[in-house]
Amino acid sequence: MQKETNTSSQSRTKKSKMSNNDGLQSSQLMKLFEDELKDLYWAEKALTKAIPKMIKYATSTELIDALESHLSETREQVTRLESVFNSIDKKAVAKKCEAMSGLIEEGQEIIEECEEGAMRDVGIISAAQKIEHYEIASYGTLRQFAETLNLPEAVDLLEQTLNEEKAADETLSEIAVPDINVQAAEQQVV
Ligand SMILES: [Fe+2]
């Protein structure tokens, strides 16, 4: 009897500790979610300025079309992130994302260093795909956080953008493989 009482009291203590931890973890996760949302908001805004530069230096019509279409998607993604902030009753705030800043800067260097034409197009695709992969990782993580935090509206919005980023990455791969990489390789041989 004594033993039973102890066990049940221990289990109550354990239960209450667990729920405290759950609450703490949930508020810490919420903070991380907000921080990463601010990073991504800065990143998308920065991309609305960086993509037009890529378009300006691209040669392939297919690449220009893909970048232009992703530029308009990116502008919508900025608005969509504002809706995510709104869904958690927070004001949309941008915080400099050092990773995206570095990726954009590196892309700029590639554009400057590559010879105009097919080679530069390959450079632009490579820079754009690194950016896409960073975004896919970020949106994937944020979507998962939103799910854990039980924020269905945020999950839905983040998933929409995640799918757009994946599609943009696939389009870039399709342009890269059959046409431009071959042209660039031929240029190198000559
Ligand atoms: Fe994006």
Side-chain angles (χ1 to χ4, degrees), residues 29-88 90-111 120-149 151-177 180:
L29 187 63
M30 190 64 187
K31 194 187 173 301
L32 190 58
F33 179 72
E34 279 177 49
D35 280 351
E36 299 215 1
L37 212 52
K38 290 175 186 171
D39 255 47
L40 214 40
Y41 188 49
W42 186 94
E44 294 289 15
K45 283 181 145 193
L47 284 171
T48 61
K49 290 177 196 141
I51 298 174
K53 284 182 197 158
M54 292 182 179
I55 294 170
K56 194 177 152 201
Y57 287 99
T59 304
S60 146
T61 324
E62 234 186 318
L63 176 58
I64 293 170
D65 287 351
L67 290 171
E68 274 174 353
S69 133
H70 196 54
L71 174 62
S72 63
E73 271 179 347
T74 302
R75 290 186 181 126
E76 280 173 34
Q77 289 168 359
V78 170
T79 312
R80 199 174 288 137
L81 280 174
E82 288 164 0
S83 303
V84 177
F85 278 107
N86 199 34
S87 77
I88 55 166
K90 297 281 174 190
K91 199 171 161 266
V93 177
K95 193 182 98 194
K96 187 177 179 185
C97 172
E98 296 293 347
M100 184 57 79
S101 168
L103 286 170
I104 290 173
E105 200 178 314
E106 194 183 275
Q108 198 58 40
E109 278 171 25
I110 291 172
I111 288 172
R120 190 180 278 165
D121 282 353
V122 171
I124 292 171
I125 290 171
S126 120
Q129 283 196 293
K130 283 182 195 174
I131 289 170
E132 284 312 317
H133 282 236
Y134 179 79
E135 287 189 292
I136 290 167
S138 303
Y139 277 105
T141 306
L142 273 183
R143 188 207 162 281
Q144 189 53 51
F145 285 179
E147 199 153 291
T148 307
L149 290 163
L151 304 168
E153 199 182 336
V155 169
D156 184 47
L157 292 163
L158 293 165
E159 197 165 277
Q160 282 180 48
T161 302
L162 178 62
N163 290 337
E164 285 176 359
E165 306 294 11
K166 284 181 182 169
D169 180 51
E170 274 169 32
T171 304
L172 287 168
S173 291
E174 280 162 19
I175 298 170
V177 179
I180 298 172

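Remember, it's 1-based here, ligands and their atoms both numbered in the order they're listed. As the structure is a computational prediction, the values presented were derived from the model and not from experiment.
Checking E73 against the Fe ion (ligand 1), every N/O/S atom stays at or beyond the 2.8 Å cut-off. Residue side and main chain included, Q77 places an N/O/S atom under 2.8 Å of the Fe ion (ligand 1).
A distance-only check finds a donor-acceptor pair linking the side chain of T141 to the backbone of A137 [under 3.5 Å]. With hydrogens and angles disregarded, a donor-acceptor distance shorter than 3.5 Å links the side chain of Q129 to the backbone of D169.
Its N, O or S atom nearest to the Fe ion (ligand 1) is what matters here, and for E135 that atom is OE2. E165 contributes OE2 as its N, O or S atom closest to the Fe ion (ligand 1).
Checking V93, V78, V84 one by one against Y41, the side-chain contact (heavy atoms from CB on, under 4.5 Å) holds for a single residue, V78.
The environment of Y57 atom OH is sparse: at most 12 non-hydrogen atoms of other residues, nucleotides or ligands sit within 6.0 angstrom.
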